[in-house]
Amino acid sequence: MNEIQYIGETLWPGQLGHLFIIIGFIASILAVISYFFAEKNRTNKEGKPWLKTGNWAYGVHGISIIGLMGIVFYVMLNRMYEYAYAFNHVSDDLPFKYMFSAFWEGQEGSFMLWMFWHIVLGGVLIWKAGTWKAPVMAVLSLIQVFLNSMILGLYLPFGDGTSKIGINPIVLLRDVQDAPIFANAEYLELISGSGLNILLQNYWMTIHPPTTFLGFAACAIPFCYVVAALWRKDYKSWLKPGLKWGLFAGFTLGTGILMGSAWAYEALTFGGYWAWDPVENMSLVPWLIVIAGIHTNLIAKSTGHSIRATMVFYILSFCLLVYSTYLVRSGILEDTSVHAFTEMGLENQLVLFILFFLGLGFFMFFKRYNQIPTNQSEEDWNSREFWMFIGAMVIVIGSSLITFSTSLPVFNAIIQYFDPLYPSKVVEDPISHYNQHQLWVALLMTVLAAISVYMRYRGTNWKNYRQKFWIQTGTAAVLSVGLTYLALLWINAVAWQYILLLYASIFAFLVNMDYLIFRVKGNIKASSSAIAHIGFAMMIFGILASGINKSYISSNVFAQSGLLNGMDDEDLLSNIVLIKGEPMFMRGYIATYTGDHYDGITRTFDIDFVKIDEDAKPLNEFSLSPNVQYDKQFTKIEAANPDIRRRPLEDIFTRIARLPAQQIDLESARQVEDSLQFNTFFLDLGDTTFTSNHFLVLDEIHHRILHPDRDTTSEDDIALSLKMRVHSLDRDTIYTATPGISLRGAFLFRYPEQIDPLNMRIQLSDTLIEALFHSETQLEFNDYEAGRGEVFQYNDFDILFVDVNREPWHPNYEPKDGDIALSAILEVNDRISGERYRTEPVYLIRDGLLTNYKTMVPEAGLHFRFSKIDPNTEKMTFQVAVQPMQTRNLPVKIAENVPRSDFIVLEAIKFEGLNFFWLGGIIMLLGLLMAMIVRIRSKMN
Amino acid sequence: MKKIHIFAGLLLIGAAVLLVLSSSDLGTYYTFSEAELLEEGRNVKVIGLLSKDKEMVYNPEIDPNRFSFFMTDEEGEERKVVLLSEKPQDFEMSEQLVLTGRFQDGEFVAREMLMKCPSKYQDEEVFVRSES
């Protein structure tokens with residue numbers, strides 16, 4: 001095959017990018033080696049130069065990866081579609097604000113983002129980690145080696161074929177795709193980018209991934225410290241920096257997850273913020289385990305207990321994080337998750353990544369197991385560490401249960417590898433399954449978050465404050481009963497398990513509030529834990545309130561009953577049809593779809609709600625405006641965006657579930673069009689015509705388009721509208737219709753009228769244009785001569801020649817240099833009706849040839865030509881013809897049984913108390929942030 | 001033995017009990033013929049492919065919560081399915097469906113459906129765009 005010389009490609013970014021990938025990879029390996037020897041030679045003077053080399057290597061690695069990111073970004077920004085990543089993720093019309101979203105939409109981009117944060121955090125470690133620098137950076141560099149290999153894009157001969165190591169983000173499109181178009185040297189002219197999925201064109205997509213990946217990167221640091229501590233056999237002094245990084249990881253990853261659920265709730269159409277989807281679960285688990293690690297880390301720092309547990313938790317959290325990456329990116333969850341992910345051939349590499357670090361962590365741990373110091377004294381039941389440890393255990397056990405169920409597809413795949421006939425196991429009803437056991441986990445966590453706050457480490461002075469403890473806890477417990485009763489008036493908790501959890505959340509809230517206000521009295525370090533626990537208790541309360549009280553208000557049980565035989569569960573039926581302008585009773589509301597409007601490709605629907613009480617008396621009114629987005633070419637709907645009414649205690653969530661078929665995409669529209677059966681009727685002005693179900697009266701004929709959809713961008717040559725009244729035979733209502741038709745140059749425009757309540761479509765026949773206006777040849781023109789300001793008469797019309805216009809306009813005339821072109825401004829006055837019209841026929845000499853352009857006054861049936869100029873007398877010659885208007889036998893096509901196009905299918909959900917969840921989440925994260933800041937500052941002092 | 005170990009042990013036993021109890025939530029994917037034989041009121045999951053040549057009916061004016069179509073399960077059996085929801089976006093493009101529901105009066109009534117759509121980065125993209 002001949003090499004093709006492609007035209008228009010820019011190749012240097014690819015070459016430079018590839019160089020950066022290779023340099024970055026080699027530098028990360030070099031950093032591992034250097035830091036390794038720096039740690040080995042820590043006590044002698046050889047260690048220093050190794051450490052310096054390590055820092056340099058890590059720096060080079062960092063610059064390479066950031067440089068690579070810059071190049072990929074440059075390629076995307078300049079729409080260099082010769083590069084696969086630009087082709088797949090951007091398009092010409094993608095606004096700059098979504099450029100970052102497009103950057104991390106793909107796997108390659110998200111790996112780079114992950115590495116970027118490791119580089120940043122590595123920089124912080126080099127700057128701040130002190131004596132721990134070498135071993136911690138050695139482990140972090142090792143992680144970077146693995147991550148860098150994911151974007152290596154190397155093909156190695158392996159067995160019969162080749163095996164791929166990583167995906168190069170800066171690879172040429174023609175190198176990864178085999179398509180006939182690449183036989184064309186100018187293929188670049190022909191392709192354009194596929195753009196960013198419209199669901200991801202959202203500000204959450206700009207901030208959620210970077211935050212989450214910062215959390216990912218942060219989770220790696222405690223892991224690095226654990227490995228470093230085991231390696232150095234220094235089991236205690238890492239606990240302090242470990243805790244800071246653990247808190248940082250808990251804060252950042254928690255923020256990322258909370259942002260994800262906010263995004264799911266307000267922009268995606270999942271109808272909630274959490275659905276126990278595998279992808280959601282596996283992002284939650286590493287965070288939960290980091291939280292468990294923070295708790296045992298606190299114990300270890302204060303009492304010397306639980307060092308081993310802390311180590312295990314930090315190792316697990318990082319490995320589970322990589323495992324979640326594997327689950328998300330490998331495509332193994334495709335049967336169980338709503339999040340669509342495609343496999344990219346990195347599965348084996350990811351498995352190796354997990355196994356390597358899981359192996360490294362636990363190998364080191366068990367090798368040193370017996371050396372790790374433990375506190376031989378027993379934790380007393382009245383000590384804080386006792387209950388904190390139990391709490392951490394509860395978190396980890398809860399996480400294990402989630403991980404087990406979520407991993408079923410993995411277990412299936414492994415077993416089927418050995419026994420292909422093994423039937424895949426699956427959780428039949430995920431939400432109730434997870435709720436069932438997580439309820440108990442949450443209950444224990446909440447109770448422990450309450451009782452442990454009054455306890456002290458090692459149970460110091462228990463005898464002195466024992467009485468106080470019981471009084472305070474007891475008071476809170478009693479108060480909570482009353483508050484739970486009040487809450488139950490609002491939250492319709494049916495099961496006793498829910499009531500118990502509700503009670504526990506209120507109890508935990510009260511106890512921690514009491515602790516915060518009366519006990520710590522401004523001690524920030526002590527208050528951070530109480531604040532985090534208060535937030536957690538509020539979250540649990542919010543989950544219960546919104547989960548139990550979630551209800552579809554978009555269902556009209558009365559209107560919909562009997563439609564489905566044997567259906568008892570009306571809660572299931574989430575959709576309701578709203579017809580434009582017709583109020584609809586829903587549960588506790590009256591909803592009216594009042595109209596819609598376009599803004600670019602976005603079509604917004606206005607829906608008025610009236611909240612009513614049991615006697616159908618209106619309580620309050622509000623409007624919601626969910627929208628749908630079409631694609632650029634308006635060929636189909638790409639996304640439906642919800643609109644939410646947020647109130648302190650209640651959210652109303654609305655989403656357009658479906659539109660009439662003809663408005664969804666071109667294909668469906670065509671199908672509907674093809675299914676219509678038109679019959680032609682001949683209408684007479686003023687007379688009545690009967691169709692099969694209705695009758696209509698033609699009232700007026702107009703020579704312009706009356707239809708609201710008229711394209712106003714340019715003038716019509718000829719236009720016609722018929723105004724008619726349509727009566728339904730079985731209803732009293734009368735509808736007015738003004739179907740139209742127009743000619744614009746060579747194009748015919750039809751303006752059919754649809755009367756949705758009658759399922760009727762009225763369209764003027766194309767032959768009407770001809771029928772109404774005779775062809776030119778049949779016109780008989782009379783000549784008139786007139787000077788400026790003179791009037792001549794034609795039939796019942798006075799025609800005034802007002803002036804000459806030297807810049808004439810006529811739909812058929814295109815100005816050209818050298819033209820002599822004029823138009824005459826004529827004012828036509830109908831002596832009988834008194835109507836006045838204006839028209840400007842055009843006179844043209846082009847290349848020595850004389851020609852003119854006709855105009856008409858359709859209302860009067862007059863045609864004008866401007867045919868001659870006498871330069872001596874300055875008199876102009878006009879030709880005028882009249883044509884009687886046809887008012888009988890006007891052909892009109894009418895279809896009946898046309899599907900309605902004036903309705904929406906709406907889903908409306910009421911959530912109660914959701915703000916407790918969001919507010920609680922934010923407060924909990926603030927608690928974590930405070931705890932971290934306090935500890936960072938205490939080191940400085 | 002420390003008290004804390006006893007507590008931790010109790011927790012683990014509790015977890016094991018929860019695991020065993022919730023293992024009844026685990027099932028396998030069913031075929032249509034298996035699902036039809038099950039006792040009433042039990043929801044199961046069925047995997048299959050959309051029968052693209054068969055009719056799909058969604059008439060929101062009559063019932064916005066009823067969408068019917070035909071699916072062929074992994075054993076090649078084709079049955080009518082009623083989804084108690086709207087017709088999802090891009091349904092015709094789906095490659096694989098996972099339904100959760102049960103048989104009622106000879107139709108498989110699905111409460112939930114997961115559809116797998118082809119990736120947007122398919123090779124044909126290049127062909128399509130090169131024509132215009």
Side-chain angles (χ1 to χ4, degrees), chain A residues 88 173 177-181 187 190-192 194 197 334-338 340 342 378-379 381 386 389-390 393-394 397 400-401 404-405 408 423-429 432-433 436-437 440 560 563-567 572-577 637 640 657-658 660-661 664 899-900 903 905 907, chain B residues 2-4 7-8 11-12 14-15 18-19 21-30 42-45 47 58-67 82 84-90 92 96 98 100 104-105 109 111-112 114-121 123-127 129-132:
Chain A
N88 286 330
L173 182 63
Q177 276 187 342
D178 196 14
I181 192 172
Y187 78 96
L190 303 170
I191 61 170
S192 67
S194 26
N197 186 333
E334 62 186 16
D335 292 344
T336 52
S337 172
V338 294
T342 47
E378 182 170 352
E379 298 93 335
W381 69 270
F386 184 91
F389 182 79
I390 299 294
M393 281 291 290
V394 169
I397 286 170
S400 317
L401 291 172
F404 177 80
S405 301
L408 279 175
S424 295
K425 285 271 189 292
V426 61
V427 182
E428 289 192 334
D429 182 355
S432 84
H433 168 79
Q436 251 169 42
H437 48 65
W440 300 110
Q560 294 183 346
L563 290 171
L564 286 156
N565 31 355
M567 280 312 307
L572 224 50
L573 308 176
S574 55
N575 299 326
I576 200 161
V577 169
I637 293 177
R658 192 78 178 169
I664 290 168
R900 292 187 82 117
F903 68 88
V905 179
E907 179 185 56
Chain B
K2 289 187 186 177
K3 265 178 279 188
I4 205 158
F7 254 84
L11 279 177
L12 283 173
L18 282 177
L19 204 60
L21 283 180
S22 65
S23 69
S24 63
D25 294 352
L26 303 190
T28 54
Y29 293 105
Y30 284 69
R42 184 166 159 213
N43 290 328
V44 292
K45 287 188 192 292
I47 298 190
Y58 181 60
N59 273 324
E61 290 170 79
I62 298 165
D63 185 353
N65 294 301
R66 184 190 167 92
F67 168 49
V82 173
L84 297 181
S85 182
E86 75 273 5
K87 180 181 179 181
Q89 190 83 34
D90 294 331
E92 288 83 355
Q96 187 188 281
V98 183
T100 309
Q104 270 171 328
D105 304 325
V109 179
R111 276 116 232 278
E112 239 179 63
L114 203 72
M115 45 181 235
K116 192 185 144 198
C117 280
S119 135
K120 71 181 249 231
Y121 315 126
D123 297 358
E124 56 198 333
E125 194 91 19
V126 181
F127 297 94
R129 281 174 197 276
S130 62
E131 282 166 13
S132 55

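Not measured: the values here are computed from a predicted model. Each chain gets a letter, A, B and so on, in the order the sequences are listed, and its residues count up from 1.
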Applying side-chain contact (heavy atoms from CB on, under 4.5 Å) to Pro88(B) and not counting sequence neighbours gives Phe67(B), Leu83(B), Phe91(B), Met113(B), Met115(B)
Pair count under 4.5 Å, heavy atoms only, with chain B: among Val394(A), Ile664(A), Val905(A), highest is Val905(A)
Residue set satisfying side-chain hydrogen bond (donor to acceptor under 3.5 Å, both in side chains) with Lys87(B), at least two apart, ordered chain then number -> Glu92(B)
One should read off an interatomic distance between Ser405(A) OG and Leu19(B) CG, to the nearest 0.5 angstrom, of 7.0 Å
**Report entry** Main-chain N/O of Val427(A) paired to Asp25(B) side chain as donor or acceptor, under 3.5 Å
**Finding:** no
Honestly, the part of Leu12(B) sitting under 4.5 Å from a heavy atom of chain A is both
Under 4.5 Å to a heavy atom of chain A? For Ser85(B) that would be both
Distance col, row Met393(A):CE vs Leu11(B):CG, nearest 0.5 angstrom, shows 6.0 Å
Nearest heavy-atom contact between Glu86(B) and Arg658(A) is CB-CB, 4.2 Å
Checklist entry - Does a side-chain heavy-atom distance below 4.5 Å link Asp429(A) with Asn43(B)? => result no
When rounded to the nearest 0.5 Å, the distance separating CZ of Arg900(A) from CG of Asn59(B) is 13.0 Å
From the list Leu21(B), Ile47(B), Val98(B), the residue making the most non-hydrogen contacts under 4.5 Å with chain A is Val98(B)
Most heavy-atom pairs under 4.5 Å with chain B, out of Pro899(A), Ala657(A), Pro423(A), belong to Ala657(A)
So, the part of Ile390(A) with a heavy atom under 4.5 Å from chain B: the answer is both
For this session: Go through Leu401(A) and Leu18(B) one step at a time and tell me if the side-chain contact (heavy atoms from CB on, under 4.5 Å) criterion holds.
Result: CA-CA 9 Å; Leu401(A) 291 172; Leu18(B) 282 177; 4.2 Å; yes
- Query: Within a radius of less than 6.0 Å around CD of Gln436(A), do more than 12 heavy atoms belonging to other residues, nucleotides or ligands occur?
  - Reply: yes
Residues Glu378(A) and Lys3(B): closest non-hydrogen pair is OE2-N, 2.7 Å
Exactly one candidate in Val577(A), Ile576(A), Asn575(A) meets side-chain contact (heavy atoms from CB on, under 4.5 Å) with Pro60(B); the answer is Val577(A)
When the 4.5 angstrom heavy-atom criterion is applied to Phe404(A) and chain B, the contacting part is side chain
Tested for ring-ring contact (aromatic ring centres under 6.0 Å, His included) against Phe7(B), the lone hit among Trp381(A), Phe389(A), Phe386(A) is Phe386(A)
